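Below is one structure; the comments refer to it alone.
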Amino acid sequence: MRLPIAIGAILVASLGLNAPVMSVPPTHGAKAEITSSNLTQLRINRRLWNQKKISNYSYTLSNTCFCIPDFRGPLNIEVRNGITKSITNAQTGKPVDLKLVRQYSTIPKLFNLIGNTINSGESELTVVYNPKLGYPTQINIGNLAADAGIFTTISNFKVLHQGSSTK
């Protein structure tokens, strides 16, 4: 009595092993949902940043990518009255050309970078925001494993008083 049951179970199991593997592509709905979530988080955190009215600050920016060393940093960025005052290499203290990192040179420009990435819909995007001030602390665009991505870290953020300097 047990033998026919065992044979039947083996036959059923072997049929499952011969079934073709079907990959299901991600749905457009899932991508739209992620884009919507990123856009919502961007709006919430940009609003939080704007409410704080911080116009004098400094931070260290590091980029992990397959790119030139001056772009990778780490870079110390100082902003006064909302305008980039200086960008220096954190290790050497030497000035870095603003043209290389223009879109990373203020917090509002980082928000624009995130928004442009969301709107293009072409790249993977993951962002982590500071919960108190709203500025991004990590931005991951694209895929580093495929040599087609950039991972940006914003650290050592400091609000500067009108007369103080980071130097």
Side-chain angles (χ1 to χ4, degrees), residues 23 25-52 54-160 164-167:
S23 65
T27 63
H28 293 290
K31 186 173 182 179
E33 192 175 302
I34 291 169
T35 299
S36 176
S37 173
N38 279 333
L39 194 55
T40 300
Q41 289 301 311
L42 173 62
R43 287 179 180 149
I44 290 168
N45 286 287
R46 187 185 301 223
R47 187 177 312 122
L48 178 58
W49 171 260
N50 289 337
Q51 287 172 350
K52 300 297 181 181
I54 301 170
S55 60
N56 298 303
Y57 54 92
S58 66
Y59 58 96
T60 301
L61 178 98
S62 298
N63 289 312
T64 302
C65 56
F66 296 97
C67 48
I68 63 172
D70 274 350
F71 184 71
R72 287 194 302 256
L75 307 173
N76 289 328
I77 299 176
E78 184 175 339
V79 177
R80 293 297 183 159
N81 297 317
I83 299 169
T84 306
K85 180 180 177 188
S86 69
I87 302 176
T88 56
N89 183 297
Q91 295 168 335
T92 66
K94 292 182 181 177
V96 174
D97 186 2
L98 174 63
K99 292 175 190 170
L100 283 176
V101 291
R102 184 179 310 278
Q103 62 187 351
Y104 298 84
S105 64
T106 66
I107 298 301
K109 287 181 181 180
L110 290 170
F111 284 131
N112 291 342
L113 173 69
I114 295 164
N116 291 339
T117 302
I118 293 168
N119 291 333
S120 77
E122 295 177 15
S123 295
E124 297 174 29
L125 176 69
T126 307
V127 184
V128 177
Y129 296 92
N130 177 283
K132 292 182 180 178
L133 300 177
Y135 67 89
T137 58
Q138 294 178 346
I139 306 168
N140 189 9
I141 299 173
N143 186 341
L144 277 176
D147 294 352
I150 182 166
F151 182 73
T152 302
T153 304
I154 295 88
S155 60
N156 302 320
F157 183 89
K158 295 178 189 146
V159 175
L160 303 175
S164 67
S165 177
T166 57
K167 296 180 183 178

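Just so it is clear, the model here is predicted, and its values are computed rather than measured.
Residues satisfying the ring pair (Phe, Tyr, Trp, His ring centres under 6.0 Å) criterion with Y135, sequence neighbours excluded, are F157. Residues passing the side chain to side chain donor-acceptor pair (under 3.5 Å) test with N156, sequence neighbours excluded: T60.
Taking every heavy atom of both residues into account, P74 and S62 meet most closely at CB-OG, 3.4 Å.
A 4.5 Å side-chain heavy-atom check between K109 and Y104 finds every atom pair outside the cut-off. With contacts defined as side-chain heavy-atom distances shorter than 4.5 Å, the pair L42/V127 does not qualify. Contact annotation: the side chain of Y129 approaches that of Q41 to within less than 4.5 Å [non-hydrogen atoms, C-beta and beyond]. The shortest side-chain heavy-atom distance between N56 and V159 does not fall under the 4.5 Å cut-off. Counting heavy atoms from C-beta outward, P136 and I107 have side chains that approach closer than 4.5 Å. In this structure, Q51 and L133 have side chains that are not in contact, with every pair of non-hydrogen atoms separated by 4.5 Å or more. Under the 4.5 Å side-chain criterion, counting only non-hydrogen atoms from C-beta, I77 is not in contact with S86. In this structure, I44 and T40 have side chains that are in contact, with non-hydrogen atoms separated by less than 4.5 Å.
Put simply, the side chain of N89 gets close to the backbone of T92: a donor and an acceptor are under 3.5 Å apart. Proximity of a side-chain donor or acceptor of T84 to a complementary backbone N or O of S105 within less than 3.5 Å is detected. Between the D97 side chain and the K99 main chain, a donor and an acceptor come within less than 3.5 Å of each other.
Taking CD of E124 as the reference point, atom CG of N38 lies at 11.0 Å (rounded to 0.5 Å).
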Practice problem: Show your working on side chain to side chain contact (heavy atoms under 4.5 Å, CB included) between R102 and I87 and close with a plain yes or no. | Solution: CA-CA 10 Å; R102 184 179 310 278; I87 302 176; over 6 Å; no
Practice problem: Carefully, step by step, assess I154 and I139 under the rule side chain to side chain contact (heavy atoms under 4.5 Å, CB included). | Solution: CA-CA 9 Å; I154 295 88; I139 306 168; 4.3 Å; yes
Quiz item: Should L61 and T152 be marked as a side chain to side chain contact (heavy atoms under 4.5 Å, CB included) after you check the CA-CA gap, both sets of side-chain angles, and the distance that decides it?
Solution: CA-CA 7 Å; L61 178 98; T152 302; 3.4 Å; yes
Practice problem: Decide side chain to side chain contact (heavy atoms under 4.5 Å, CB included) for I141 and L113; before the verdict, give the C-alpha distance in whole Å, the side-chain angles of both, and the deciding distance to 0.1 Å. | Solution: CA-CA 10 Å; I141 299 173; L113 173 69; 4.1 Å; yes
Quiz prompt | Residue pair T137, N130: steps toward the side-chain hydrogen bond (donor to acceptor under 3.5 Å, both in side chains) verdict | solution = CA-CA 6 Å; T137 58; N130 177 283; over 6 Å; no
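Aromatic ring orientation, Y57 versus W49: perpendicular (interplanar angle above 60°, classes split at 30° and 60°).
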